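Per chain, numbering begins at 1; letters A, B, ... match sequence-line order. These figures come from a predicted structure and were not determined experimentally.
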Amino acid sequence: MDKSYRPEDIEQRIYARWEENGWFAPQGDGAPYCIMIPPPNVTGTLHMGHAFQDTIMDALTRYHRMRGHRALWQPGMDHAGIATQMVVERLLNAEGKTKHDLGREQFIERVWQWKEESGGQIAQQTRRLGASVDWSRDRFTMDEGCSAAVRKVFIDLYEEGLIYRGKRLVNWDPVLHTALSDLEVLTDDEAGHLWHFRYPLASGDGLLVVATTRPETMLGDSAVAVHPDDERYEALVGQDIVLPIVGRHIPVIADEYVDPEFGTGCVKITPAHDFNDYEIGERHGLPMYNILTDDAALNDEVPERYRGLDRFVAREKIVAEFQELGLLERIENYTVKIPRGDRSHAVVEPYLTDQWYVKIEPLAKPAIEAVESGRIRFVPENWSKTYFEWMYNIQDWCISRQLWWGHRVPAWYDGDGNVYVGEDEADVRKRHGLADSVALVQDNDVLDTWFSSALWPFSTLGWPEKTDALAEFYPGNVLVTGFDIIFFWVARMIMMGIKFMGDVPFHEVYIHGLIRDQDGQKMSKSKGNVLDPLDLIDGIDLEALVAKRTAGMMQDHLAPKIEEATRKHFPDGIDAYGCDALRMTFASLATTGRDIRFDVGRIEGYKNFCNKLWNAARYVLMNTESIDDGKIELSAADRWIRARFDRATRDMHRHIATYRLDLAAQAIYEFTWHEFCDWYLELSKPVLQSEASSPAQQRGTRRTLIDMLEAILRLLHPLMPFITEELWEPVARRADIGGDTIMLRPYPEPDDNAADDEAVADIEWVRQFILGIRQIRGEMDISPGKALPVKLLHAGESDRARAQRHALLLQHVGRVESIEILADDEQPPVAATALLGDLRLLVPMKGLIDVTAERERLDKQVEKTRAELARAHGKLGNENFVNNAPAAVVTQERERVVEFEKTLSQLTEQLQKLDELA
RNA sequence: GGGCGAUUAGCUCAGUUGGUAGAGCGCCGCAUUCACAUUGCGGAGGUCACUGGUUCGAGACCGGUAUCGCCCACCA
């Protein structure tokens with residue numbers, strides 16, 4: 001074995017072996033356990049969030065697989081309609097072409113090509129993360145099966161009246177030329193203006209002042225509204241306004257929607273370009289003037305001089321014209337909520353179009369009930385509030401998109417505009433008895449990506465076929481995802497699952513936090529603060545990192561800033577930490593919080609942990625070469641570490657069951673390093689090296705070393721799959737354990753016989769003894785190598801027995817030269833002191849000890865003890881405490897007082913000794 | 001406007017049903033023939049944001065304040 005842990009030598013080789021052997025597929029005949037991967041966007045690359053999420057899912061999957069479950073982690077990717085189409089369009093643009101040059105069919109062909117390339121890259125990245133997904137079941141939301149599921153769901157919902165087509169206002173993205181769902185529109189505060197316009201009354205008797213943030217929409221006004229109870233305008237309701245520039249006569253109407261307190265209390269109504277105005281228009285039967293084109297330029301509905309102008313150009317022109325007409329009252333600076341498309345970032349316009357909708361309320365009701373009843377549980381529980389809040393106020397879902405890449409709406413139109421829904425044209429003709437002579441044209445729209453994602457928990461398992469996989473793995477056990485897609489995805493899966501499978505798609509939803517950079521900023525390409533998980537695994541030098549972060553920027557001017565920040569944060573680039581260290585880091589970050597700051601400093605500690613484990617294994621293997629089947633005698637230390645291991649095992653089960661991988665990582669780290677390595681391995685050395693220990697004792701220790709290490713590897717495997725596999729092979733051989741791979745060995749289970757109070761108490765005493773000596777050594781600056789004579793004062797019977805029984809350990813691990821037991825009435829020498837209960841450990845000073853330093857040290861302890869004592873006295877002096885606190889707490893407090901007093905008197909006595917000397 | 005979350009050591013974070021405030025990193029000191037310097041040993045470092053309350057007892061429970069963050073929402 002190499003002296004150092006080198007992840008690059010082992011990880012890919014091991015993964016290939018796992019995969020070739022088909023070990024990721026469900027094994028054995030245990031109960032099923034299933035997790036569906038949230039399918040990553042096929043044209044993206046895996047980012048830190050994916051790696052974090054994959055770590056969690058893989059840990060859960062491996063854990064359950066080792067516990068004998070038929071574990072399925074279902075892999076796959078999402079076609080990500082808009083995002084993918086944008087990427088490919090950009091590639092085309094770089095070639096100087098547009099998608100229209102290719103035409104729909106060829107363009108889609110082109111996207112498929114790109115999908116193959118990009119998707120393969122993601123699959124490779126997934127492998128590098130150690131993900132034990134069942135590749136044999138890999139799926140894609142646009143593959144034949146998923147597409148069949150989409151068509152079936154669409155047709156069924158349509159026939160049930162839950163999908164309908166309607167002309168109404170939608171969020172229109174004028175850059176992408178498509179409708180968006182409410183969720184795809186992000187509203188932000190932006191600095192803007194509020195323009196106050198004068199609208200003259202047709203009677204010639206004055207005017208009304210209206211305010212708007214979008215002046216150009218006045219061209220589509222069809223009324224001015226006031227509040228019905230607003231006395232100022234009571235007389236005007238029913239009169240007409242002459243709409244400036246347009247010349248149209250429009251009525252003054254009364255509607256409760258108007259807030260009389262805001263502005264002038266008069267609102268211009270543009271039903272075709274504002275969601276509120278649309279509703280008012282419906283209520284009052286107002287005409288709707290659509291004044292925009294698909295590009296958000298003005299159409300032929302407006303006066304000629306405005307036709308064809310971009311909306312923002314028109315805005316300036318309108319304002320100028322009002323100014324000229326003397327109808328501009330004033331301009332106010334104003335913070336405006338600007339709706340933008342989440343992909344294009346273009347300002348979205350409310351726009352009147354024909355779209356397909358899902359009538360959502362009938363689907364939402366049982367989905368709400370599923371969470372209320374506990375059939376689905378959010379972890380942390382708090383997220384159910386977010387879910388409910390959205391579900392209670394849910395709006396119909398616009399599912400059609402005017403794109404080319406995606407599931408084409410399975411609807412056909414005849415020449416008269418009648419719509420027919422079916423599997424394909426032939427199916428439509430059959431269903432509706434349409435002769436071949438009737439020309440049919442398929443709807444041009446595709447479906448929202450999330451429509452197919454919503455079916456993921458069952459479409460991947462073969463639905464609508466009745467497959468064995470479906471019977472076995474639906475519903476899944478847990479969904480692991482981020483809170484950012486609770487609405488987009490989680491809620492919709494629940495609705496569709498209940499609707500089409502008659503059952504929830506999973507029983508638990510584990511919501512993890514979002515990975516941010518070291519400053520808490522969201523990682524994004526434009527900020528240049530993205531970390532590639534593979535760079536943390538393989539390492540990357542500074543120049544390459546800078547180049548990577550500044551390449552392909554949409555906004556070139558940001559590059560220098562990004563370069564500077566990168567050079568500051570990573571002056572030496574990024575070291576290669578290996579996958580296991582990265583995974584341990586992710587696990588340790590998996591707290592209940594919503595934001596996770598990824599600080600590269602943290603991963604280094606876990607690489608060291610890997611190295612520690614590696615070297616512990618070297619030590620164990622070196623010392624178990626001669627293991628045989630002879631008689632075995634277990635020492636207190638052997639029994640102690642076995643008991644401690646059981647404790648760690650129980651912790652792991654508990655923490656994994658509650659999705660606290662941070663606590664699980666901490667527990668196993670603490671045990672492996674600070675109990676197994678720091679103490680047990682050290683305690684094993686004297687036994688193996690001393691002539692005094694019997695062959696049976698040595699066998700007991702060798703046996704324990706190899707047994708414990710083998711078990712620790714299994715305990716660690718779900719979090720650190722590679723190093724544990726690499727080490728397990730020689731360890732298992734040495735331990736004479738069969739099996740081809742650690743990933744299919746049983747996970748350690750709690751052992752009711754493992755508790756061993758006697759051994760634990762003994763070793764605890766040994767540890768305290770040694771810690772006491774070390775403290776004297778450390779604070780006196782005595783070399784750790786120097787063996788010290790120790791005298792024991794006030795040694796009780798058990799102290800004497802333990803000192804004798806564990807003399808070997810104290811000598812070697814504590815570097816104690818000799819132990820002498822003083823009689824109680826014996827005059828102790830001037831010495832440095834450590835206390836172990838009633839027992840006083842004395843290290844005679846004779847040239848070793850600095851008197852001043854020792855006095856300072858003891859003073860510090862006295863001070864601490866006094867403070868504790870005072871606090872305890874205070875409590876016990878309080879009648880209320882004594883009367884009301886549980887008896888056990890009071891007793892404990894009394895015991896502490898006794899303890900402190902004893903300690904104090906011993907310390908005082910020792911200090912007097914020092915004074916005498918001075 | 002409504003909802004949610006955060007505030008604990010220099011930094012990043014734990015803190016289980018209220019009962020002696022913890023870890024990692026960083027910092028200071030000692031140590032290198034020993035599985036591991038990717039190490040070992042010792043140490044320093046906290047008014048638990050503030051404020052009232054409940055309680056014998058509050059980092060934890062309740063009310064309020066401040067600061068920061070997120071989500072939802074139709075005030076032109």
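Contact check for A/F586 versus A/I515: side-chain heavy atoms found under the 4.5 Å cut-off.
Between B/rG2, B/rC11, B/rU20, one nucleotide has an atom nearer to the side chain of A/D599 than all others, and that is B/rC11. The listed nucleotides are B/rA76, B/rC72, B/rC56; the one nearest the side chain of A/F881 is B/rC56. Comparing B/rC56, B/rC4, B/rA14 by their nearest atom to the side chain of A/L663 picks out B/rA14. Minimum atom distance to the side chain of A/K860 is reached by B/rG43, of the listed B/rG42, B/rG43, B/rA73. Set against B/rA44, B/rC72, B/rA14, the side chain of A/F487 has B/rC72 as its closest nucleotide. Of the candidate nucleotides B/rA14, B/rC75, B/rG42, B/rG42 has the atom nearest to the side chain of A/E779.
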* Can you give one letter per nucleotide of nucleotides 28-36 of chain B, 5' to 3': B if a protein heavy atom sits under 4.0 Å from the base, S if only from the sugar-phosphate, - if neither? -> -SSS---BB

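Atom pair A/I486:CD1 and B/rC70:P shows a separation of 16 Å (rounding to whole Å applied). The CD1 atom of A/I596 sits 19 Å away from the P atom of B/rG69 (whole-angstrom rounding). Computed from coordinates, the A/M584 CE to B/rC25 P distance equals 12 Å when rounded to whole Å. One interatomic measurement links the two molecules: CG of A/D662 to P of B/rU16, which rounds to 12 Å at whole-angstrom precision. Straight-line distance from the CD1 atom of A/I269 to the P atom of B/rC75: 14 Å, rounded to whole Å. In this structure, the OH atom of A/Y199 is 16 Å from the P atom of B/rA76, given to the nearest Å. When rounded to the nearest whole Å, the span between CG of A/N878 and C1' of B/rG57 equals 9 Å. A/N393 places its CG atom 14 Å from the C1' atom of B/rG1, with the value rounded to the nearest Å.
At a threshold of 4.0 angstrom between heavy atoms, the contacts of A/N382 are confined to the sugar-phosphate backbone, with no base atom among them. Across all strands shown, A/Y334 has heavy atoms under 4.0 Å from sugar-phosphate atoms exclusively, and none from any base. Within 4.0 Å of A/V258, counting heavy atoms only, lies at least one base atom of the nucleic acid. Among the heavy atoms of the strands, none lies under 4.0 Å from A/T386. Among the heavy atoms of the strands lying under 4.0 Å from A/R594 is at least one base atom, whether or not backbone atoms are also near. Using a 4.0 Å heavy-atom criterion, one finds that A/F275 contacts no nucleic acid atom at all. Nucleic acid contact for A/H674: sugar-phosphate only, since backbone atoms but no base atoms lie under 4.0 Å from a heavy atom of the residue. If you check every strand for non-hydrogen atoms under 4.0 Å, A/R777 touches nothing. The residue A/L771 sits close only to the backbone: its heavy atoms come under 4.0 Å of sugar-phosphate atoms, none of a base. Counting non-hydrogen atoms under 4.0 angstrom, A/E868 reaches a base of the nucleic acid. Looking at heavy-atom distances under 4.0 Å, A/F598 makes no contact with the nucleic acid at all.
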* Please walk me through it: do A/K337 and A/D189 pass salt bridge (charged side-chain N to carboxylate O under 4.0 Å, His left out)? -> CA-CA 5 Å; A/K337 309 273 184 199; A/D189 281 344; 2.9 Å; yes

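Remark: B/rC68 base-pairs with B/rG5. Criterion, Watson-Crick or G-U wobble with two distances under 3.5 Å. Across all strands shown, B/rA73 forms no Watson-Crick or G-U wobble pair with both key distances under 3.5 Å. Under the Watson-Crick or G-U wobble criterion, with both distances below 3.5 Å, B/rG59 is left unpaired in every strand shown. Summarising the base pairing, B/rG10 is matched to B/rC25 through a Watson-Crick or G-U wobble pair whose two defining distances lie under 3.5 Å. Pairing for B/rA37 is absent, with no Watson-Crick or G-U wobble pair whose two atom distances lie under 3.5 Å.
A donor-acceptor contact closer than 3.5 angstrom is absent between the side chains of A/E868 and A/T865.
A/Y669 does not carry A/K612 over the face of its six-membered ring by the limits of under 6.0 Å from the centre and within 45° of the normal.
Comparing the C1' positions of B/rU65 and B/rG24 gives an interatomic distance of 34 Å, to the nearest angstrom.
In summary, A/R647 and A/E675 do not engage in a salt bridge, as defined by a charged side-chain N under 4.0 Å from a carboxylate O. The pair A/D230-A/R232 meets the salt-bridge criterion, with a side-chain N (NZ, NE, NH1 or NH2) lying under 4.0 Å from an Asp/Glu carboxylate O. Residues A/E190 and A/R340 are paired through a salt bridge, judged by an N-O separation under 4.0 Å between the basic side chain and the carboxylate. Under a 4.0 Å N-O distance rule, the pair A/R597/A/D517 does not qualify as a salt bridge.
Between A/F322 and A/F197, the ring planes are parallel. Angles under 30° get that label, and only those over 60° would be called perpendicular.
OP1 or OP2 of B/rG43 sits under 4.0 Å from a side-chain N or O of A/Q775. Not one side-chain nitrogen or oxygen of A/N276 sits closer than 4.0 Å to the OP1 or OP2 atom of B/rA76. Between A/R602 and B/rU12, a side-chain N or O to OP1/OP2 separation shorter than 4.0 Å is absent. Between A/R871 and the phosphate of B/rA21, there is a side-chain N or O to OP1/OP2 separation shorter than 4.0 Å.
Checked against a 6.0 Å centroid threshold, the rings of A/Y351 and A/W172 count as neighbours.
If you find the closest nucleotide of RNA chain B to A/R654 and to A/Q892, the one lying nearer the 5' end belongs to A/R654.
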